[in-house]
Amino acid sequence: MVTPFIRPAASKIKTLHARVRAFYRTRRRDLPWRRTRDPYRILVSEVMLQQTQVDRVIPKYAAFLSRFPTLASLARARLAEVLRVWVGLGYNGRALRLWRCARTIARDHGGAVPSKLETLYELPGVGTYTAAAVAAFAFGKRVPVVDVNVRRVLSRTMTGRDDASAQEVARIARAALPRTGNACWTQGLMDIGARFCRPSPRCERCPLRATCAYAKHGAPPIRAARRARGTFVDSERYYRGRIVRLLCAKPSVALADLGRQVKERFDARDGPWLERIAHKLAREGLIRIDERRDRVRLA
DNA sequence: AAGTCGGGGCG
DNA sequence: CGCCCAGACTT
């Protein structure tokens, strides 16, 4: 029987604040999106960082901003151009939604990224996390920002477990919201989550070790078993990626040739399901299929 | 609540 | 090989 979490001790939170802020002041990661407060650039970074590690985002972030330096430039670009820069980063739907997001902001918000949490949340591709991140990092808003790192760190330090529910962590995050310096607090938690408080924890050198309920008893991380994903190659996802990559490299392709061009050892039986994947991509808005002329291209 | 959506790096 | 990642969106 585990003691249910009631309310975090104020003194413990104060100590965490001090330690996290001290860590952030002296040992934070030097990341490109921390060198600007341009809301557009913050927004781009946050969308890129969705389910994507920092090290993989850094080069794409630079390339993207070099090609689309302002929100207006992104909003007036063709989606195909955006996809060509994005491809390789994964989750291509994010590029589509970021592009739509920029167009929505240009059309409905005078080209200025909204600062209000609820308004941000309305934008395509902006969910609970990203809305909070932009509000906090670009506009200094005092709102809880909970990503997977923050969740792990708060769960472990405050409950002694690494599996606190999202709702429970949300309560803790609200209770722990600092009066000032929310962005530094949050990003400090993220850095600690990435360097020490990882899924397999490295408590030995963690700056929160002395304050952490989890580090004390040192229980091994227990996490829910994930469903097997199978091999990625030859999965439907794999060929979605192949199709988008192919179309990034060519202006257009015949639908009848698509399968042969994305699949090794293509045979006639592969035609229908690869074509079905293409139609799904078209329905999502990533590619365009001209049935009459038998041509496929980026949207 | 559960599925879908990329891709790469690491243990 | 399986697990993980500054999640969002659909069903």
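So you know, we letter chains A, B, ... as the sequences are listed, proteins then strands, and number each from 1. Keep in mind that the numbers below use all heavy atoms, side chains included, and drop hydrogens, waters and symmetry copies. Just so it is clear, the model here is predicted, and its values are computed rather than measured.
The interatomic distance linking A/Arg97 (CZ) with B/dT4 (P) rounds to 16 Å, in whole Å. Between A/Arg240 atom CZ and B/dG3 atom P there is a gap of 18 Å when expressed in whole angstrom units. One atom, CG of A/Leu281, and another, P of C/dT10, lie 16 Å apart when rounded to the nearest Å. Taking atom NZ of A/Lys280 as the reference point, atom P of C/dC9 lies 17 Å away to the nearest angstrom. Rounded to an integer number of Å, the gap from A/Arg152 CZ to C/dC3 C1' is 12 Å. At whole-Å resolution of the value, OH in A/Tyr238 and P in B/dG8 are 10 Å apart. Protein atom CG of A/Leu96 is 15 Å distant from nucleotide atom C1' of B/dT4, rounded to whole Å.
Annotation: the span from A/Thr36 atom OG1 to A/Phe137 atom CZ amounts to 13.5 Å, rounded to 0.5 Å.
Side-chain rings of A/Trp273 and A/Tyr239 approach one another, their centers coming within less than 6.0 Å.
Residues A/Ala135 and A/Ser115 come closest through the heavy atom pair CB-O, 4.1 Å.
The environment of CZ in A/Phe266 is crowded: more than 12 heavy-atom neighbours from other residues, nucleotides or ligands sit within 6.0 Å.
With respect to A/Glu284 and A/Arg240, a salt bridge is recorded, a charged nitrogen being found less than 4.0 Å from a carboxylate O. Ion pair A/Asp191/A/Arg27 not flagged as a salt bridge, since none of the NZ, NE, NH1 or NH2 atoms sits closer than 4.0 Å to an Asp/Glu carboxylate oxygen.
For A/Asp191 and A/Val126, each mapped to the nucleotide of DNA chain C holding its nearest heavy atom, the one lying further toward the 5' end belongs to A/Asp191. Mapping A/Gln187 and A/Leu123 onto DNA chain C by nearest heavy atom places A/Gln187 at the nucleotide closer to the 5' end.
Contacts between residues 75-93 of chain A and DNA chain B, counted as heavy-atom distances below 4.0 Å, involve A/Gly88, A/Leu89, A/Gly90, A/Tyr91, A/Asn92. Residues from residues 50-66 of chain A that place a heavy atom under 4.0 Å from any atom of DNA chain B, listed by number: A/Gln51, A/Thr52, A/Gln53, A/Arg56.
Remark: the separation of the P atoms in C/dT11 and B/dG6 is 15 Å, to the nearest Å.
Among the heavy atoms of the strands lying under 4.0 Å from A/Thr130 are primed sugar atoms or P, OP1, OP2 only; no base atom is included. Within 4.0 Å (heavy atoms only), A/Thr128 reaches sugar-phosphate atoms of the nucleic acid but no base atom. Using a 4.0 Å heavy-atom cutoff across all strands shown, A/Arg245 reaches sugar-phosphate atoms only and no base atom. The residue A/Leu31 sits close to a base: some heavy atom pair falls under 4.0 Å. Residue A/Arg202 is in sugar-phosphate contact alone, with no base atom involved, counting any heavy-atom pair closer than 4.0 Å across all strands shown. Counting any heavy atom pair closer than 4.0 Å across all strands shown, A/Val145 reaches no nucleic acid atom.
Under a cutoff of 6.0 Å and an axis angle of 45°, A/Arg28 and A/Tyr24 form a cation-pi pair.
For A/Tyr129, counting side-chain heavy atoms from C-beta on, the closest listed nucleotide (C/dA8, B/dG8, B/dG6) is C/dA8.
Looking at A/Arg288, its side chain never comes within 3.5 Å of a backbone N or O of A/Leu298 through a donor-acceptor pair. For the pair A/Thr186 (side chain) and A/Asn182 (backbone), a donor-acceptor distance under 3.5 Å is present. Side-chain atoms of A/Arg94 come within 3.5 Å of backbone atoms of A/Met48 as a donor-acceptor pair (strictly under, hydrogens ignored).
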